[in-house]
Chemist: 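Sharing a structure, written as C-alpha cells. Questions coming.
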Number of protein chains: 2
Amino acid sequence: MDNHTITIYDVAREAGVSMATVSRVVNGNPNVKPTTRKKVLDVIDRLDYRPNAVARGLASKKTTTVGVIIPDVTNLYFSSLARGIDDIATMYKYNIILANSDENEQKEVQVLNTLLAKQVDGLIYMGHTITDELRAEFSRAKTPIVLAGTVDPDEQVGSVNIDYKSATEESVSELIAEGHTRIAFVSGPLSEPINGEHRLEGYKQALKNAKLEYDPSLLIESKYTHKVGGKVYKTIKEANATAVFVSDDELAAGILNAAQDDGLKIPEDFAIITANNSKITEMVRPQLSTIVQPLYDIGAVAMRLLTKLMNKEEIDEKTIILPYQIAKRGTTKEED
Amino acid sequence: MDNHTITIYDVAREAGVSMATVSRVVNGNPNVKPTTRKKVLDVIDRLDYRPNAVARGLASKKTTTVGVIIPDVTNLYFSSLARGIDDIATMYKYNIILANSDENEQKEVQVLNTLLAKQVDGLIYMGHTITDELRAEFSRAKTPIVLAGTVDPDEQVGSVNIDYKSATEESVSELIAEGHTRIAFVSGPLSEPINGEHRLEGYKQALKNAKLEYDPSLLIESKYTHKVGGKVYKTIKEANATAVFVSDDELAAGILNAAQDDGLKIPEDFAIITANNSKITEMVRPQLSTIVQPLYDIGAVAMRLLTKLMNKEEIDEKTIILPYQIAKRGTTKEED
DNA sequence: ACCCACAATGCAAGCGTTTTATTTTATTTT
DNA sequence: AAAATAAAATAAAACGCTTGCATTGTGGGT
C-alpha cells in the first residue's frame with residue numbers, strides 16, 4: 001500500500017473520468033450526468049478523498065477564510081461579538097482566523113499583514129480605536145473589511161454598531177431622572193472616538209437637556225479591568241459623584257464591588273449604569289443596570305455584511321446601526 | 001499601470017535574479033550573497049511584494065496554521081485557554097483557525113474535517129468529552145493533535161491538564177476540615193470522564209479519608225450556566241447539604257447568588273468551592289474560593305507541545321499535568 | 001438517416017510558491 | 001595558473017486544484 005496523499009487525480013483515474021469532472025462533482029457543478037456523479041461520489045467515498053483546500057485556494061483565489069482581529073478573546077464584550085461572527089461565518093461556509101491584538105498598534109498592523117498574506121477573503125476588525133497607520137493599511141487592501149463594535153469617523157469600510165451617543169445620553173438621563181446631579185463618566189481613553197466623541201457627546205447632551213452643569217472633573221479615563229475598579233471608585237468619590245456611567249462591564253463590576261466594600265448601599269447611596277450587558281452584569285449583586293447591546297447580533301450582522309461584500313453584492317448601506325435598549329436592574333432605582 | 005497581483009516572479013525579474021533566489025531571501029535561507037540579498041530586499045520593498053501564503057502552503061505542505069476547536073469562545077474557561085494558545089502560536093509564527101463546536105458531536109466532526117481539509121499543521125481540541133467517532137477521526141488523522149483542558153482515558157494524543165482528581169479531593173477536604181459533612185458535588189454529565197472519573201473519584205476519596213458516608217443524592221449533574229444556578233441551589237438545599245463543590249465558575253456564581261437571595265450567609269451558612277479560577281470568581285461577592293487552574297498556561301503549554309509535535313521533535317511525555325493550587329476566598333471559612 | 005443544438009466530458013494552462021538537481025561563479029589549494 | 005572545492009544561483013518540476021475552451025456524445029426535428 002503506497003502511502004501518498006490521495007488527490008483528485010487518483011479519484012479521476014479510479015472513476016475513469018477526468019480531473020475536471022471530479023472537480024465538478026466536488027463543487028456541485030450541475031453539468032454532470034447523474035450516473036457519473038454517483039460513480040465519482042462512490043470512488044470519493046471508497047478512497048476517502050478529501051479535497052485539499054489550499055490547492056483549491058490557490059487555483060480559485062478564494063480561501064473561504066476570513067480574518068478576525070480581536071483585542072482579547074478573554075474579554076466578554078469581544079468574545080460575544082466573535083461568537084456571532086463565527087456562527088454566521090460557519091453558516092456561509094467560512095472559517096475564522098482569530099488573532100488577538102491587545103489593542104497594540106504594532107501587533108495590529110503585523111497581524112493584518114499576515115492575514116492578508118494568508119489570502120483571507122475578508123476581514124473583521126474589532127478594537128477601540130483605529131490608528132492612522134491601520135487606516136492606511138485598510139484602504140490599501142483590496143480585501144473587504146468590516147468593523148464590528150468599533151467606530152471610525154472615516155467611514156471607508158463597513159461597520160456595525162449601536163448609536164453610542166444616544167444610548168449614553170439615555171442612560172445618563174435615567175440617572176438624572178432618579179435625582180442625581182453629579183454623575184461621573186468613566187470610559188477608556190477620550191482620544192478614542194467612541195469615548196471622546198460619541199459617548200461623551202451623549203453625556204453632555206443629557207446634562208444639557210437637564211440644564212445641569214458640565215464638570216470635567218467628573219470625567220475619568222481608565223483601563224477596562226475589574227481590578228482598577230477600586231481606584232476608579234476612589235476618584236469618583238473624591239469628585240462627590242452619586243452616580244456613574246461606565247462604558248465597560250468588568251470595570252463597572254469593579255466599581256460596584258468597591259462601592260459596596262466602602263459601605264455604600266446600591267442603588268440608594270450610589271447608582272451605576274454600564275454599557276455592554278455582557279453576562280457579567282447579571283452575575284454580580286445587585287445586577288448591573290445597563291445599556292443592552294445586541295452583542296451577538298453586532299458580530300453576526302458584521303459577518304453577514306462581510307459576506308455580501310466578499311460576494312460583491314450591492315450594499316445599500318455599509319454603516320449599520322443596530323437598536324439598543326436600557327435594562328434597569330439593581331444598580332439604579334426603579335422609576336415608578 | 002497593470003493591476004495584477006505582484007508575485008515572486010516579478011520580484012525576480014526586477015532584481016535580475018531567479019525566483020529561487022527570491023524565495024531564498026524571503027525564507028531567510030543563508031545560501032545567498034549579502035549583496036544579492038540586499039538587492040532583492042530592495043525590490044521587495046519597492047514593489048511592496050507580499051508572499052502568497054496559500055501558494056507557499058501548497059508548495060511546502062505547511063500552512064503555519066493550526067486549528068482550534070473550542071466549545072464556546074464566550075465561556076471564560078475556554079477563552080482563557082484560547083488566549084494562551086494564541087499567544088504561543090503567535091510566538092511560533094502560527095495562526096489559529098478558531099471554530100466553536102458547542103460540544104455538539106456532529107459539529108465537532110464536521111469542523112474537524114474542514115480543518116483537516118484546510119491542511120492545518122496541527123490541531124488543539126477543547127471540550128468536555130471525546131466521543132468515539134471523534135476519537136476515531138483523531139487516530140485516523142496524520143495531523144498532530146493536542147487536548148487542552150480536556151481529558152481522554154485513551155491517551156493517544158497529547159494533552160495538558162491539571163490533576164482533577166486530587167484537586168477535587170483537596171477542595172472537598174477543605175470543606176470537610178471546616179466542619180461540613182454533607183457536601184454536594186455539582187458537575188456536568190458524569191458520563192464525561194473528567195467528571196464521572198477524575199472529579200468524582202476525588203470527591204469520594206476525600207469523603208473516605210474523613211470516614212464520611214458517600215451519599216449519591218448529593219450528586220448533581222447540571223449545565224454550566226449562571227442561569228441554572230437557582231435550580232441547582234434548590235436541589236442542593238433539598239439534599240440538606242451545607243457546602244458544595246462546583247466544577248464550573250459561572251454555575252458556582254449562580255449558586256452563590258441563589259443562596260444569598262435565599263437569605264443565607266456565606267460562608268457561615270453555606271460554603272462553596274469552585275474549580276476554574278476564571279476572573280468571574282473575583283467579581284462576585286463574596287469572592288469564590290476555588291481551585292486555581294493555570295488556564296492560560298494550560299493553553300500555552302498545549303500549544304508549545306503541539307509545536308514540538310509538528311516539528312517532529314522528540315517528546316518525553318505527551319500527557320502533561322500542570323500544578324494547581326487552592327485559593328481560599330470568601331465562600332469558605334478561613335482556616336486558622 | 002442527417003444535421004443541429006446542447007449537454008457532458010476532457011484537455012491543459014494556469015494559480016504562486018518551494019525545492020531538487022544542476023550549472024555557474026567564486027575561493028582555495030598546490 | 002590550473003585544478004579542486006565550496007558557494008551562489010538557476011532551471012524546472014512539483015504541489016493539488018479550478019476553469020476556459022475544445023471535443024465528444026445524445027437526442028430531437030425533419
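Quick note: numbers below take in every heavy atom, side chains included, and nothing from hydrogens, waters or symmetry partners.
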Chemist: According to a strict under-4.0 Å criterion, is Lys61(B) in side-chain N/O contact with OP1 or OP2 of dG16(D)?
Modeler: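 It does, given that an N or O in the side chain of Lys61(B) lies less than 4.0 Å from OP1 or OP2 of dG16(D).
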Chemist: Distance check: side-chain N/O of Thr5(B) vs OP1/OP2 of dG16(C), anything under 4.0 Å?
Modeler: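 For dG16(C), OP1/OP2 do have a side-chain N/O of Thr5(B) under 4.0 Å.
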Chemist: Please examine the side chains of Leu112(A) and Glu108(A), heavy atoms only from C-beta on, and report whether any two atoms are closer than 4.5 Å.
Modeler: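 The answer is no, as the side chains (C-beta and beyond) never meet within the 4.5 Å cut-off.
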Chemist: For Asn31(B) and dT22(C), what is the distance between atoms CG and C1' respectively, to the nearest whole Å?
Modeler: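 Going from CG in Asn31(B) over to C1' in dT22(C) covers 15 Å.
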Chemist: OH of Tyr9(A) versus P of dG16(D): gap in Å, rounded?
Modeler: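 In whole Å, dG16(D) P and Tyr9(A) OH are 13 Å from each other.
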Chemist: Give me the atom names and distance for the closest heavy-atom approach of Leu98(A) to Asp86(B).
Modeler: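 Where Leu98(A) meets Asp86(B) most closely, the heavy atoms are O-OD1, 3.8 Å.
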Chemist: Looking at dT9(C), dG16(C), dA8(D), which one has an atom nearest to any side-chain atom of Lys33(B)?
Modeler: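 Of dT9(C), dG16(C), dA8(D), dA8(D) is nearest to the side chain of Lys33(B).
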Chemist: Should Leu41(B) and Val25(B) be marked as a side-chain contact (heavy atoms from CB on, under 4.5 Å) after you check the CA-CA gap, both sets of side-chain angles, and the distance that decides it?
Modeler: CA-CA 8 Å; Leu41(B) 250 18; Val25(B) 350; 3.5 Å; yes
Chemist: Can you tell me how far C1' of dC15(C) sits from CD1 of Ile6(B), to the nearest Å?
Modeler: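 Those two atoms, CD1 and C1', are 15 Å apart.
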Chemist: Between Asn29(A) (CG) and dA8(C) (P), how many Å, whole number?
Modeler: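 Rounding to the nearest Å, CG of Asn29(A) and P of dA8(C) are 10 Å apart.
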Chemist: Is there any protein nitrogen or oxygen under 3.5 Å from a nitrogen or oxygen in nucleotides 18-21 of chain D, and what are the pairs?
Modeler:
{"unit_1": "dT18(D)", "atom_1": "OP1", "unit_2": "Asn27(A)", "atom_2": "OD1", "d": "3.3"}
{"unit_1": "dT18(D)", "atom_1": "OP1", "unit_2": "Asn27(A)", "atom_2": "ND2", "d": "2.9"}
{"unit_1": "dT18(D)", "atom_1": "OP1", "unit_2": "Arg56(A)", "atom_2": "NH1", "d": "3.3"}
{"unit_1": "dT18(D)", "atom_1": "OP2", "unit_2": "Ser23(A)", "atom_2": "OG", "d": "2.4"}
{"unit_1": "dT18(D)", "atom_1": "OP2", "unit_2": "Asn27(A)", "atom_2": "ND2", "d": "3.4"}

Chemist: Could you spell out the base pairing of DNA chain C as a dot-bracket line? Use Watson-Crick and G-U wobble contacts where both distances are under 3.5 Å, [ ] for crossing pairs, | for partners on a different strand.
Modeler: ||||||||||||||||||||||||||||||
Chemist: Centroid separation under 6.0 Å, is that true for the rings of Phe78(A) and His128(A)?
Modeler: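 For His128(A) and Phe78(A), the ring centres are under 6.0 Å apart.
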Chemist: Take the protein atom CG of Leu58(A) and the nucleotide atom P of dC15(D), then report the distance between them rounded to whole Å.
Modeler: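 Rounded to whole Å, this separation is 14 Å.
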Chemist: Scan residues 90-99 of chain A for pairs that pass side-chain hydrogen bond (donor to acceptor under 3.5 Å, both in side chains), counting only residues two or more places apart or in two chains.
Modeler: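 Listed once each, the pairs are Tyr92(A)-Arg304(A), Asn95(A)-Lys118(B).
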Chemist: State whether Thr7(B) places a side-chain N or O below 4.0 Å from either non-bridging phosphate oxygen (OP1 or OP2) of dG16(C).
Modeler: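 No, Thr7(B) has no side-chain N/O under 4.0 Å of OP1/OP2 on dG16(C).
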Chemist: Between Thr63(B) and Val54(A), is there a side-chain heavy-atom distance shorter than 4.5 Å?
Modeler: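 A side-chain contact under 4.5 Å exists here.
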Chemist: With a 4.5 Å heavy-atom cut-off, do Tyr125(A) and Val146(A) have their side chains touching?
Modeler: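 Not touching, per the 4.5 Å side-chain cut-off.
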Chemist: To the nearest Å, give me how far apart NZ (Lys38(B)) and P (dA9(D)) are.
Modeler: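 Result: 15 Å.
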Chemist: Give the rounded distance in Å between these two atoms: CG of Asn52(B) and C1' of dG16(C).
Modeler: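 Result: 6 Å.
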Chemist: To the nearest Å, give me how far apart CZ (Arg37(A)) and C1' (dT9(C)) are.
Modeler: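 In whole Å, dT9(C) C1' and Arg37(A) CZ are 13 Å from each other.
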Chemist: Using every non-hydrogen atom in the two residues, find where Ile124(B) and Ile85(B) come nearest and quote the distance to one decimal.
Modeler: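 Closest pair (atom of Ile124(B), atom of Ile85(B), distance): CG2-CD1, 3.7 Å.
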Chemist: Shortest non-hydrogen contact from Ser159(A) to Leu305(A)?
Modeler: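 Result for this residue pair: N-CD2, 4.1 Å.
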